[in-house]
Amino acid sequence: MRLIDGNVKESAVVYGSFGEHEGQLVTISGYIHRIREMTGFSFVLIRTRDDVVQCVYAPEFSDYRWDERLTEEATVKVTGKVVSGTDAKGEKRYELQIHAIEILSLPAEPLPIVINKKTLDGVHLNTILDYRPVSLRNPRERAIFKLQEGIARGFREFLSLNGFTEIHSPKINYAGAEGGTNVFKLDYFGKQVYLAQSPQLYKQALVGVYERVFEIAPVFRAEHHDTSRHLNEYISMDFEMGFIDGFEDVMNMETGVLKYIMNLLKTEYKKEAELLRADIPEITEIPAIKFTDAKALLMDKFKYKPTDMKDFDPEEESLLGKYAKKELGSDFLFVTHYPSVKRPFYTMDDPGNPEYTLSFDLLFRGLEITSGGQRIHDYNMQVNKMEKLGIDPAAFDTYLMLHKYGAPPHGGLGIGLERLTMHLLGFKNVREAAMFPRDINRVTP
Ligand code: AMO
């Protein structure tokens, strides 16, 4: 019998610790990223889990002789002596003088696209997406989703530090939460159910239990149009908090979350941010403007003729983004008090002016990345609003348990992870910020 003790150790030395091993032999494991033959020696770049390590093969380093089977994308263990030098920028870099290469595996076929250049510039986005499992091996592509990890991690860390409990709500549901036509229907053993458009109904229910909750999970939207900012499955970063004094508490929490995230990216994801030339915003505070004031501004200042007085089109959002940057010095802008007709049934109307709601969107560089607001917590008020909207309260009986059996004033929001990543990295298409995007034309890979 063997005993598995769970004492985890590194299987190989990582580049980050090369400084401690200068002059010594170490072993690293990874992929052969690139082989460059020079006269009398070769550069062999090894792509490890977090760095591309420069190794040098020359017969004088050891008795080891180059194995002709070695090719790009072979997985290997390389043993070599750590030596230091300076790179083009004059910074200290370490490399390995190769003493042995153990082949772990050889690829069956050459790669369909070139991944060992600095970027995949020039390769069509569709090709990049078709070959995602390999195009992601390009260090720059890989950095996108490492940085995205940082965003989600910052969201989780900040909220955990502020008394929130992480939840996991079901994605197969008896009712859609957001309304509209973009809900995926599913045959569930002969019954019709829906894929979750958001964790809305469950996060509210759990405010009744934990007071403050958050979730980072996929949600599904049957988007019928092919746009540069819509996915059919995206990662929603949601939170919901009870005992609020108003929806400003929610906006304040989001400002705190975003500050924390940007700071984390600048410190712990510096390498990725530099590689991607990420323009990480400085946040001190975020300005807020009322929906009607924003409409007036668009018409007066930008002479824009809106087609819909109850909502913004993408051009209006973009103009508001420019206004926020130029006039207010902010990459972000909250727009508050959206018209009631455009917000879901759970949104609290403004008691002073019930045509508008106690809700907000957050624009980031002219793109909506968040919706949020205060919710109705009174049972009768919620049932009345549903009836007014032609929604059958009986179909929402589980949801209404929150209200029926006592709910505090509460509110929350949802942030689209891919949209936030997209504008942080200056992408034109949200698909670039989705690891395996799903849209009207794509369900593979
Ligand atoms: P909403 O439907 O506005 O609100 O969605 C919240 C945020 O999710 C992102 N988003 C999308 N991202 C990519 N592709 C899509 N098809 C897509 N649709 C939405 C956007 C958007 O701002 N329950 C509410 C949130 C709340 O009030 O708590 C909701 O889901 O960034």
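In what follows, every heavy atom counts, from backbone to side chain, and hydrogens, waters and symmetry copies are set aside. Both ligands and their constituent atoms are indexed starting at 1 by order of listing.
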Trainee: Considering only non-hydrogen protein atoms, determine which one is nearest to atom 4 (O) of ligand 1 and report residue, atom name and distance to 0.1 Å.
Mentor: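 The protein heavy atom lying closest is Ser371 CB, 3.5 Å.
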
Trainee: What atoms of ligand 1 come closer than 4.0 angstrom to any heavy atom of Leu413?
Mentor: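 Atoms satisfying the 4.0 Å criterion: 26 (C), 28 (O).
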
Trainee: Going by heavy-atom distance to atom 16 (N) of ligand 1, choose the closest among Arg419, Glu418, Glu223, Glu368.
Mentor: Glu223

Trainee: Heavy-atom contact check, 4.0 Å cutoff: does Val430 meet ligand 1?
Mentor: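 It does not, in that no heavy atom of Val430 comes within the 4.0 Å cut-off of ligand 1.
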
Trainee: Does the ring center of Phe334 lie less than 6.0 Å from the ring center of Phe360?
Mentor: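 Yes - the distance between ring centres of Phe334 and Phe360 falls below the 6.0 Å cut-off.
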
Trainee: What about the rings of Phe396 and Phe345, do their centers lie closer together than 6.0 Å?
Mentor: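 Centroid distance Phe396-Phe345: below 6.0 Å, so yes.
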
Trainee: For ligand 1, is Tyr346 a contact, meaning one of its heavy atoms is under 4.0 Å away?
Mentor: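 Yes, that is the case, since the closest heavy atom of the residue is under 4.0 Å from the ligand.
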
Trainee: Between Asp50 and Arg142, which heavy-atom pair has the shortest distance, and what is it?
Mentor: C-NH2, 3.8 Å

Trainee: I'd like to check which ligand 1 atoms, numbered from 1 as shown, lie under 4.0 Å from a non-hydrogen atom of Thr370.
Mentor: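 Going through ligand 1 atom by atom, the ones under 4.0 Å from Thr370 are 22 (O).
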
Trainee: Considering the heavy atoms of Arg229, write down every atom of ligand 1 situated less than 4.0 Å from one of them.
Mentor: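 Contacts of ligand 1 toward Arg229, numbered from 1: 13 (C), 14 (N).
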
Trainee: Consider ligand 1: state whether an atom of it lies below 4.0 angstrom from any non-hydrogen atom of Lys203.
Mentor: yes

Trainee: Considering heavy atoms of the protein only, find what lies nearest to atom 8 (O) of ligand 1 and give residue, atom and distance to 0.1 Å.
Mentor: Tyr234 OH, 3.0 Å

Trainee: Using 30° and 60° as the class boundaries, would you call the ring planes of His337 and Phe247 parallel, tilted or perpendicular?
Mentor: perpendicular

Trainee: Please say which of Leu147, Leu420, Asp279 ends up in a side chain to side chain contact (heavy atoms under 4.5 Å, CB included) with Leu425.
Mentor: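 Among Leu147, Leu420, Asp279, the one meeting side chain to side chain contact (heavy atoms under 4.5 Å, CB included) with Leu425 is Leu147.
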
Trainee: Give a yes or no on whether the ring-centroid distance for Phe214 and Phe239 is below 6.0 angstrom.
Mentor: no

Trainee: Tell me the protein heavy atom at minimum distance from atom 7 (C) of ligand 1, and give that distance in Å.
Mentor: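 Answer, as residue, atom name and distance: Gly414 O, 3.6 Å.
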
Trainee: I'd like the name of whichever of Gln374, Gln197, Arg221, Gln200 reaches closest to atom 30 (O) of ligand 1 through any heavy atom.
Mentor: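 The nearest heavy atom belongs to Arg221.
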
Trainee: With a cut-off of under 6.0 Å to the ring centre and 45° to the axis, is Arg132 in cation-pi contact with Phe436?
Mentor: no

Trainee: Compare Glu178, Arg375, Arg438, Glu240 and give the one whose heavy atom is closest to atom 26 (C) of ligand 1.
Mentor: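 Nearest heavy atom to atom 26 (C) of ligand 1 lies in Arg375.
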
Trainee: Could you say whether the N/O atoms of Ile369 and ligand 1 ever approach to under 3.5 Å?
Mentor: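 Right, the criterion is met.
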
Trainee: Numbering the atoms of ligand 1 from 1, which are under 4.0 Å from a heavy atom of Leu231?
Mentor: 13 (C), 14 (N), 15 (C), 16 (N)

Trainee: Please state whether the rings of His403 and Tyr399 are parallel, tilted or perpendicular, taking 30° and 60° as the class boundaries.
Mentor: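 Because their plane-to-plane angle is over 60°, the rings of His403 and Tyr399 count as perpendicular.
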
Trainee: Report the C-alpha distance between His230 and Thr227 in whole Å, list the side-chain angles of each, state the deciding distance to 0.1 Å, and finish with yes or no for side-chain hydrogen bond (donor to acceptor under 3.5 Å, both in side chains).
Mentor: CA-CA 6 Å; His230 288 97; Thr227 83; 2.8 Å; yes

Trainee: Taking Arg431 first and then Glu418, would you say they form a salt bridge - that is, a charged N and a carboxylate O separated by under 4.0 Å?
Mentor: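 So Arg431 does not pair with Glu418 through a salt bridge.
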
Trainee: Would you call Gly373 a ligand 1 contact, heavy-atom distance under 4.0 Å?
Mentor: no

Trainee: Which ligand 1 atoms are under 4.0 Å away from a heavy-atom of Ser198?
Mentor: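 Per the distance check, 23 (N), 30 (O).
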
